Amino acid sequence: MSNGHIDPFQLEGLFYSKYSKIICMRQPPENNKIFCLVDCNNFYASCERLFRPELADKPVVVLSNNDGCIIARSNEAKKLGLGMGLPYFKYESLIRRHRVTVFSSNYALYGDISQRVMDTLMQLEPEVEIYSIDEAFIALPHGRHVDLNTYAHSLKATIDRYTGIPVSIGCGPTKTLAKIAGRLAKKDPGAQGVFNIIDHHDPDSLLAGIDVNDVWGIGSRHAARLKNQGIRTALQFKNCDDAWLKKTLTITGLRTAMELRSIPCIALQETPPARKSIATSRSFGTPVESLASLQEAVATYTTQAAFKLRNAKLLAGVIHVFLRTNSFKKEQPQYCASRTFTLPAPTSHTPLLIGAAGRLLRAIYRSGYLYQKAGVLLTGLTPAGYQQMDLFSPPDRRDNSLMQAMDKINSRWGRDTIHSAATGFDRSWHHRQLRKSPAYTTRWTELPTVKASFPQVSSMA
DNA sequence: TCTGGGGTCCTAGGACCC
DNA sequence: TCTGGGGTCCTAGGACCC
């Protein structure tokens, strides 16, 4: 092989036996598909604008939980230099000066709008992978659309018409190249939201213009290591030696390089794999010192995690609890700890889980610290229908009727209508959410009101 | 005053088994 | 002098994603 590259089709067997991992898809090239990435533009900001049309060309930002960081920006806000993940409080004056509209995150709204976008896509295309709340991959057989660009533009227009959400579409021979095409669709003003890297006359020249950090799968740590070695662009990364890549960035890094060489290694996942963990954690609105407050918070997070568990029809076999002080406050004493407990039998019973979480918390709690965050992680998940019984203890006769009744009440009358006393009533630790928009599409009481006035009609037939 | 949350995968190393 | 080989499972840590 030239350049020290490993031919994936030739050596796949070797990799398979040596590492027990498949590094590329075993597909004859003629069966290869075209991958398209459909990516909602500035998704959270676009969702907020749907119901505030007067903000269409104004700067908008959306904040993370606890109103901590900026996690979505409209193009106008990006131009002001408001970067992704920046702490809000440091930019408050800039935001006020430029009259940027600020929203706390409203996940009920974004989740519902996302569902509409994905439903639209799935009505139009048979092979869809919902990759995240604002992105989906679709796979198209070669030759299905004579003019891929025209097709992608019409797809974009349809999603816009059905949902009001603007999207960008990138097409490539692999998912990684489709991601790069999607990036070019956004950055290149001539692209008008669609970029097809397959028919480009010189794809390498495009890769030469892409920072290695902007390649899907290369994060800041790996990028720094690569740049230390003089590898700065996607093209240089693509041409790296395979053995070195595998050693330095593990099998995932090698896969990414293969994908840049148009060799598909990452398959379309139409059915999402079973979940392996369910977590709920939050930063506190103000630092928390007392065990009592922490117990309320942890009981509340456990309640939410258990609800997610039942919704997914799963049981948890293991529960983890963690807490930590604010690592940004270097001058304060720091402490962080976590502990795990394997439950006697998998369960989704909230009181049982709250009890276990409370014991774990008491075991790791140390007084004299200002805690900033705590959380609960449920793992060892199994389907609710297949519970493994304990040989030595009698079967758990607790039925699910209590949990079912609570879930029913809370879904009918709103979350938290009925809850365990352990979650408390005061909740001084509760996180901030000062600028949240209404749940326009998911709560009857928060439906938007439309006022229309009709011009006087003088004569009607 | 104020810095998110929820996931996944890979690897190395230790414990343990026969 | 000299102490196996092959395997699984679990965990922690590090990296990535949106």
Side-chain angles (χ1 to χ4, degrees), chain A residues 19-23 37 39-40 42-44 61-72 83-93 95 102 104-105 107 110-111 114 129-137 175-176 179 182 212-226 245-256 265-266 269 272-287 301 304-305 308-309 312 317-318 320 322 324-330 332 336-340 342 370 372-381 431-434:
Chain A
Y19 304 110
S20 302
K21 295 282 187 290
I22 302 171
I23 64 161
L37 174 73
D39 189 352
C40 301
N42 314 327
F43 182 56
Y44 296 171
V61 299
V62 180
L63 304 179
S64 64
N65 268 324
N66 215 26
D67 292 349
C69 297
I70 297 167
I71 55 165
M84 179 73 177
L86 295 178
Y88 170 55
F89 74 92
K90 286 192 182 169
Y91 293 84
E92 244 179 318
S93 67
I95 281 170
V102 179
S104 300
S105 36
Y107 291 106
Y110 313 149
S114 170
E129 171 187 343
I130 299 172
Y131 175 63
S132 74
I133 194 165
D134 67 338
E135 283 175 61
F137 286 102
K175 285 165 104 177
T176 304
K179 285 283 270 187
V212 71
N213 199 182
D214 294 330
V215 174
W216 187 44
I218 307 295
S220 58
R221 299 297 181 100
H222 283 341
R225 283 183 76 178
L226 288 167
L245 273 175
K246 164 118 198 349
K247 194 167 136 263
T248 317
L249 304 185
T250 78
I251 192 84
T252 48
L254 177 54
R255 265 189 212 130
T256 297
C265 302
I266 307 170
Q269 286 198 321
R275 293 178 75 172
K276 298 183 171 170
S277 64
I278 287 177
T280 302
S281 68
R282 292 283 178 280
S283 295
F284 304 129
T286 48
Y301 304 155
Q304 287 172 21
K308 292 185 208 171
L309 197 61
V318 180
H320 315 252
F322 72 88
R324 64 177 319 140
T325 51
N326 188 341
S327 56
F328 288 100
K329 303 244 171 193
K330 300 264 186 274
Q332 290 176 359
C336 102
S338 70
R339 194 161 288 193
T340 298
T342 301
L370 291 171
Q372 183 236 356
K373 185 174 182 175
V376 173
L377 178 69
L378 302 175
T379 58
L381 305 185
H431 66 275
R432 282 183 303 272
Q433 254 192 338
L434 301 175

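Just so it is clear: chains get the letters A, B, ... in the order the sequence lines come, proteins before strands, and each one is counted from 1. It should be emphasised that the depicted structure is a prediction, and the values quoted were computed from it without experimental measurement.
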Shortest non-hydrogen contact from [X] toward [Y]:
X: A:Ser64; Y: A:Ser105; answer: C-OG, 3.6 Å
X: A:Ser277; Y: A:Leu377; answer: CB-CD1, 3.9 Å
X: A:Asp39; Y: A:Glu135; answer: OD1-CG, 3.5 Å
X: A:Gly85; Y: A:Cys69; answer: O-SG, 3.8 Å

Does [X] put a side-chain nitrogen or oxygen below 4.0 Å from OP1 or OP2 of [N]?
X: A:Gln372; N: B:dC2; result: no
X: A:Arg275; N: B:dT8; result: no
X: A:Lys373; N: B:dT3; result: no
X: A:Lys276; N: B:dC9; result: yes
X: A:Arg282; N: B:dG6; result: yes
X: A:Ser277; N: B:dT8; result: yes
X: A:Lys179; N: C:dC18; result: yes

How many Å lie between [atom1] on [X] and [atom2] on [N], as a whole number?
X: A:Trp216; N: C:dC18; atom1: CH2; atom2: P; answer: 8 Å
X: A:Glu135; N: C:dC18; atom1: CD; atom2: P; answer: 6 Å
X: A:His320; N: C:dC10; atom1: NE2; atom2: C1'; answer: 12 Å
X: A:Gln304; N: B:dG4; atom1: CD; atom2: P; answer: 18 Å
X: A:Ile71; N: B:dC2; atom1: CD1; atom2: P; answer: 20 Å
X: A:Gln269; N: C:dC17; atom1: CD; atom2: P; answer: 16 Å
X: A:Phe284; N: B:dC2; atom1: CZ; atom2: C1'; answer: 16 Å
X: A:Arg221; N: B:dT11; atom1: CZ; atom2: P; answer: 18 Å

Between [options], which one does the side chain of [X] approach most closely?
X: A:Tyr131; options: B:dT11, C:dC17, B:dG4; answer: C:dC17
X: A:Asp134; options: B:dC2, C:dC16, C:dC18; answer: C:dC18
X: A:Thr250; options: B:dT11, B:dG7, C:dC17; answer: B:dT11
X: A:Lys329; options: B:dC2, B:dG4, B:dT11; answer: B:dC2
X: A:Thr280; options: B:dC10, B:dT3, B:dG6; answer: B:dG6
X: A:Phe89; options: B:dG5, B:dG6, B:dT3; answer: B:dT3
X: A:Ser220; options: B:dG6, B:dC10, C:dC16; answer: C:dC16
X: A:Ser283; options: B:dG4, B:dC10, B:dC2; answer: B:dG4

Taking only the C1' atom of each, what is the distance from B:dC16 to C:dG4 in whole angstrom? 16 Å

DNA chain B: 5'-proximal contact among A:Tyr107 and A:Ile278 (nearest heavy atom): A:Tyr107

Pick the nucleotide of DNA chain B nearest each of A:Gly285 and A:Ser281; which residue has the one closer to the 5' end? A:Gly285

Applying a 4.0 Å non-hydrogen cut-off, can you work out what [X] is touching in the nucleic acid: base, sugar-phosphate, or nothing?
X: A:Asn65; answer: sugar-phosphate
X: A:Leu249; answer: nothing
X: A:Val215; answer: sugar-phosphate
X: A:Lys308; answer: sugar-phosphate
X: A:Lys90; answer: base

B:dG14 pairs with which nucleotide, Watson-Crick or G-U wobble, both distances below 3.5 Å? C:dC9

With a 4.5 Å heavy-atom cut-off, do A:Val376 and A:His320 have their side chains touching? no

Quick one, A:Gln269 and A:Phe137 - any side-chain contact, counting heavy atoms below 4.5 Å? no

Which label fits A:Tyr44 and A:Tyr107: parallel for a plane angle under 30°, tilted from 30 to 60°, or perpendicular past 60°? perpendicular

